[in-house]
Number of protein chains: 2
Amino acid sequence: MAARHEEIAEELRRAIDREDYTVGSLLPAETELAAHYGVSRGTVRQAIAALTTEGLIGSRQGARRVVLAGRRSQSFTELCSFAQWAHAMGREATGHVVSSAYHPATPEDSERLQLPLGTRVLHILRVRGLGGRRVLLERTVYADWIAPAVERIEPECPSVTQRLYEDEGLVFAYGEYLIDAVAAGAQDAELLGVRRTSPLLRVRRVTTTRAGRPVEWSEDRYRSDAVSFSVHNSTGNNALARKTGPAMS
Amino acid sequence: MAARHEEIAEELRRAIDREDYTVGSLLPAETELAAHYGVSRGTVRQAIAALTTEGLIGSRQGARRVVLAGRRSQSFTELCSFAQWAHAMGREATGHVVSSAYHPATPEDSERLQLPLGTRVLHILRVRGLGGRRVLLERTVYADWIAPAVERIEPECPSVTQRLYEDEGLVFAYGEYLIDAVAAGAQDAELLGVRRTSPLLRVRRVTTTRAGRPVEWSEDRYRSDAVSFSVHNSTGNNALARKTGPAMS
DNA sequence: GAGTGGTCTAGACCACAAG
DNA sequence: TTGTGGTCTAGACCACTCA
């Protein structure tokens, strides 16, 4: 059973999706919503806070809240799991392990995974497909404590994330993403079926458990004609930041 | 005077920056913090909610909160304003208008800026520099109601955002960003001083006022060796989403 | 000036984690 | 079992927007 504030948040999202509240229109006052749902004002505010961080509505003291966007963003799970994302869109995801090997943790591995230098970590190179087309190259490094479970997964498994949840109860809870563009190298070009020097969208990410323990870090390269990323941002919720690249520092 | 919960949030951020609380360590309990700051538990929770959406700390029911990251993300203002971002890093930003012209709003303009089809909107192409290097090409479309104010700004003005605030009191409050990679075209290559087909990071964005009124939309192309973007995300705060590109739809 | 959201309190009960 | 965060309430006062 979900919390009452989550139910209310979900009802409001649906109402926005249904265009009961169109983009640019005003939401009812907190007190009206509280009366309508039979809850206290605090609970309504909690529901509304969720929609605010999702970028769906905006507010200013003294004025009614405004509907900013109508599209529902996907859950964190769908962001972490390529297969679950594909499934939510009604498409089929494939996965294929190109190589898999243990290496001692480099200083970079060590810092990102919070492991001692030299710990044996598992490097895996995967090609991921969407609807029959190769769209993504994943170069992933797994922490030593999860590596054995990853190794037990068959090479063609479409959803590693789901398998790690089913087999180990492992849940991804936090992620940090660094996004830029790179030219396809020889290996990228061959595995993705694009020309060398084609532009690719690169995402370097670290994913951790609910307890803050890093599980994996990965460098993902997407075909730029197949995938893009979207971010909602506001004065009250600055999840996105611009960084200088290596050539500027 | 800032709200008490903001002061507390700021103190906690500084404590994390100072490494009084190191990454991976536990935060004091809510009740302890409430007693320490002499406020109620609700106020502490409000402060902590801010750090949570910033991706600095994580929490699970029943366990103490965990410090997830130490780096402070930049404000929304610094994301919107290239010049203010540069200034915060101790660098100098430049701007140069290459072309400026009115055009009737296309269906695309009309939808993104929520204006009637055919409204005369202002198209501006700018090259932005950072520390003497050209790093960004902005192709921006301004809504009719702000265009006259934009036209009055001199072509070499380093910060359009700041001028619009000073002259018009205009504040950017919400943004939606769509990020992917493209190959540099002939004009891109010439204006940015890179080879044709070089990978560029493309950001298409719409920015709106606090009242939810769209001000501008822009297609920005960054030299991929100069700039990247970072996003914090979690189960409770999914600002980031993956999208299929045109070639997949 | 009326209405609205922002802030803060003080207390209650529950669900979950960890020893 | 104990402590923790998660949920919810009922009320108060303030700051701001808008007619």
Side-chain angles (χ1 to χ4, degrees), chain A residues 1-12 21 24-53 56-68 169-171 173-174 209-213 234-237, chain B residues 1-12 21 24-53 56-68 169-171 173-174 209-213 234-237:
Chain A
M1 186 53 187
R4 193 78 184 98
H5 71 87
E6 282 179 15
E7 292 177 2
I8 294 170
E10 188 53 32
E11 276 206 48
L12 290 175
Y21 306 120
S25 68
L26 301 177
L27 232 52
E30 287 179 1
T31 50
E32 288 177 52
L33 290 170
H36 179 263
Y37 291 109
V39 298
S40 77
R41 205 184 139 205
T43 304
V44 168
R45 285 181 64 82
Q46 219 172 336
I48 282 176
L51 303 203
T52 303
T53 67
L56 265 58
I57 59 181
S59 59
R60 317 124 70 191
Q61 190 172 78
R64 288 273 258 262
R65 291 191 170 80
V66 186
V67 179
L68 293 171
L170 183 71
V171 176
Y174 305 102
T209 65
R210 278 179 298 185
R213 192 181 197 193
S234 71
T235 46
N237 177 32
Chain B
M1 187 51 187
R4 192 79 183 96
H5 72 87
E6 281 178 16
E7 292 177 2
I8 294 171
E10 188 53 32
E11 275 205 48
L12 290 174
Y21 305 120
S25 69
L26 302 177
L27 232 53
E30 288 179 1
T31 50
E32 288 176 54
L33 290 170
H36 179 263
Y37 290 110
V39 297
S40 77
R41 203 183 141 208
T43 304
V44 167
R45 284 182 64 81
Q46 219 172 338
I48 282 176
L51 304 203
T52 303
T53 67
L56 266 57
I57 60 180
S59 60
R60 317 126 69 192
Q61 191 171 76
R64 287 274 259 262
R65 291 192 170 79
V66 186
V67 179
L68 293 172
L170 184 70
V171 175
Y174 307 102
T209 64
R210 279 181 298 185
R213 191 181 198 191
S234 72
T235 47
N237 179 30

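Here is the naming used below: chain letters follow the sequence lines, and residue numbers restart at 1 for every chain.
Applying the salt bridge (charged side-chain N to carboxylate O under 4.0 Å, His left out) test to every pair with at least one member in residues 33-46 of chain A, sequence neighbours left out, gives these pairs: A/E30-A/R41, A/E30-A/R45.
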(request) Report, as a single string ordered 5' to 3', how protein heavy atoms within less than 4.0 Å touch nucleotides 3-9 of chain D: B base, S sugar-phosphate only, - not at all. (result) BBBBBSB
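Evaluation of the side-chain contact (heavy atoms from CB on, under 4.5 Å) rule for B/S40 yields B/T43 as partners, not counting sequence neighbours. Not a single side chain to side chain donor-acceptor pair (under 3.5 Å) links A/R210 to another residue, sequence neighbours left out. For B/E32, the salt bridge (charged side-chain N to carboxylate O under 4.0 Å, His left out) test picks out B/R64, with sequence neighbours left out. Annotation: salt bridge (charged side-chain N to carboxylate O under 4.0 Å, His left out) contacts of B/R60 (sequence neighbours excluded): none.
Atom P of nucleotide C/dT4 and atom CD1 of A/I57 are separated by 16 Å, given to the nearest angstrom.
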